[in-house]
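The chains referred to below are lettered A, B, ... by the order of the sequence lines, with proteins before strands, and numbering in each begins at 1.
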Amino acid sequence: MKTIAILSGKGGTGKTTLAASLARLAGEKALADCDVEAPNLHILLQGKLLEKKEYRGAQTALIDEDLCRQCGLCREACRFQAISAGYQVIPFRCEGCGVCSLVCPHGAAHLETVKTGDTYVHETGEGLFSHALLDIGAEGSGKLVTEVRRIIQPYIQTEKLFFIDGSPGIGCVVIASLTGCDAAILVTEPTLSGKSDLLRVLDLADHFSIPAVVCINRFDVNLELTAEIEAYCRQARVPVLGKIPFDSRVVEGLRNYKTPLEMEGSTAAAAIRGFWENMQKYLQNEEEGE
Amino acid sequence: MKVAVSSMDKELEARLDPRFGRACCFLLVDTDTREFYAVPNGGVGAAGGAGIQAAQTVVEEGAEAVITGSVGPNAMDVLKAAGVKIYEGEPYTVKEALEKFCKGDLQEVTSPKPRHYGARGGRGLR
Amino acid sequence: MKISVLSGKGGTGKTLVATNLAAAVRPSQYVDLDVEEPNGYHFLKPRLRETVSVGVPVPRLEEGKCTGCGLCAGVCQFNALAAIKNKVLIFPELCHHCGACSLVCPEKALQEVQREVGTISIGEERDFMQGELQVGEPVAVPLINELKRRVKENGPVFFDCPPGAACAVVHAVEDTDYCLLVTEPTPFGRHDLAIAVRLMEKLGLPFGVLINKGDGKNGDVHQFCREKGSKILAEIPFSLEIAETYSRGELLIQGEKDWLHFFQNLFGKIKEEVGHENHRHPQR
């Protein structure tokens, strides 16, 4: 099975729409939504629930009222102002560092692992699908991404492709999406921010020696920037395998829970199909090259 | 020689886990006697710094070498400081990787994976 | 008056709204709290007065004093210290600067030193501020807090917030007078709007909704807002022209005169809402 990460430095470039479309085009595949802080794929992919598991992802301090003498040492030592005047832990502020438990002379403070979300595996029309939903204000983490990738594994049988929809940025969560992948599809757009963010993800893919390809979404919104991105990729020897035009049918489709592929006459859909053909050839060449 | 292999499961027939920091577990194998035991990876549950914790786990177990997929820069620092050598064991099973290791067929990794395409010079376009 | 512009989902037009608002309402201050990917400067093109470094305290080892006991690594919840074979290694980029390690060190071998995690840039007229986190830094909060500490006291301040609904956003919107949630009328947009609304409720912050890339109907978002009792303050239509203007790094209000009025009106509505809110909760 080949694992392919779909990433973009910047949010809102169309990563999830492309992921959902590729899921439609590819045969025998599984999907994981590893954009754990803003998951969206599950909105398009509904199906039968196979497994739901509590995710206990964070440590937070707890103060035992009965033991607390309100001496103030913890409030003084806490650098995050996470303990209120009434000696309650303010969950949004607590980093889970445990300093309060280290300084408390009465043993009233301790760290506890708390539930911060849930992970799911579904059997959908587009194949097996795993994702996570975080509780409000909870932090995503590489650990959760790893969990989303792992929870689906026992169900995988004949699948040949495993798509991972990653999160924006270049931090820990993105690294956890990228490690162990056979290829990465980087989705970008011709805006100043889209371009600078693409370069950061390229560096990251490089660091982990993961072959990357680029897909430029809404390329015709700024042809000059598109040309710049292409020139950069040429020089860096990163193939640009797709250029998707701006197409109002895409948003129209999304409003009705449809991928561009289901929208008749969508110019974006044609480009996505072309991209997937190129991608398949690319994967084949990579394999033969090895 | 005691070797730690990142593994998907607690047996020699298991697939080698390409992730070091978030490997499912480590198999600690005596290459002379072929005796082995599995230890859980302390890093797998870490929100951050998984590689560092995983590296501490294998060092504490007394491994002299690690066979795995990719090791991040932090974990590599820990392993280097402890004098543990790192070998690239993908895409084999644990057993296959061990055989190759004993024959000297595995490549030692001395820096976090080299740059692939070379031509990229960081964030130059900004 | 402090106004946060935010959205659960990335790429909905948060920066578009925040920069145009700040440019339409004079005098005002624009503060880019999206320190991982600050983009407001592309549009506002400020002349900078100064750039200051923001640091956090991280441990430094005094080799001679360390006995390699490993207590520090044992208490660190973030794996920022490793103790192996009587040696201690420090990984400053994983440090959450809580101070636990120096607190427990029996030899006082860990000293805290400042380490730069990013910079703050301040515009000439103090009408612009942004934070920029260094690549690879995991924690944006110290930078956000420092920006908020330096905010102008009087006059409207517009915060361009980070995406998502996690820690960084909580710190960004805390203590602001009003939150403007930017959404787009797709199922994705509505899903993320629901998360943002729940965050507002949890924090007890007054808020209103702005629909970007609207189609004039926006049935789903309207229905959601009706059910939730949330107010829709304005709508920006879906248009290729706006996307092109944005991609070039230009402000909408520099083009058609109507946009200037649009954002001034929007600010008027926000002021009205804040007024109501103060009336309802005079203690605020």
*Which atom names give the shortest non-hydrogen contact between B:Ala81 and C:Leu89, and what distance separates them?*
CB-CD1, 3.8 Å
*asked:* Tell me the closest heavy-atom pair linking C:Leu81 and B:Gln56, and the distance in Å.
replied: O-NE2, 4.1 Å
*Which heavy atom of B:Val59 sits nearest a heavy atom of C:Ile84, and at what distance?*
CG1-CG2, 3.6 Å
*Within 6.0 Å of CD in B:Glu11, more than 12 heavy atoms from elsewhere*: yes
*Just do the side-chain contact (heavy atoms from CB on, under 4.5 Å) check on C:Glu93 and B:Asn74 with the steps written out, would you?*
CA-CA 10 Å; C:Glu93 73 280 7; B:Asn74 288 340; 3.0 Å; yes
_Holding to ring-ring contact (aromatic ring centres under 6.0 Å, His included), I want the full list of residues that pass it with C:Phe188, two or more places apart in sequence or in another chain._
none
*Side chain, backbone, both or neither: which part of C:Phe78 has an atom under 4.5 Å from a heavy atom of chain B?*
backbone
_Exercise: identify the closest heavy-atom pair between B:Val78 and C:Ala82_ = CG2-CB, 4.1 Å
_Counting only heavy atoms from other residues, nucleotides and ligands, does the tally under 6.0 Å from NZ of B:Lys2 exceed 12?_
yes
*Heavy-atom count around C:Arg49 CZ within 6.0 Å, excluding the residue itself: above 12?*
yes
_Contact residues of residues 13-25 of chain B (partner chain C; heavy-atom separation under 4.5 angstrom)_ = none
*Answer yes or no: are there more than 12 heavy-atom neighbours, outside C:Glu63 itself, under 6.0 Å from its atom CD?*
no
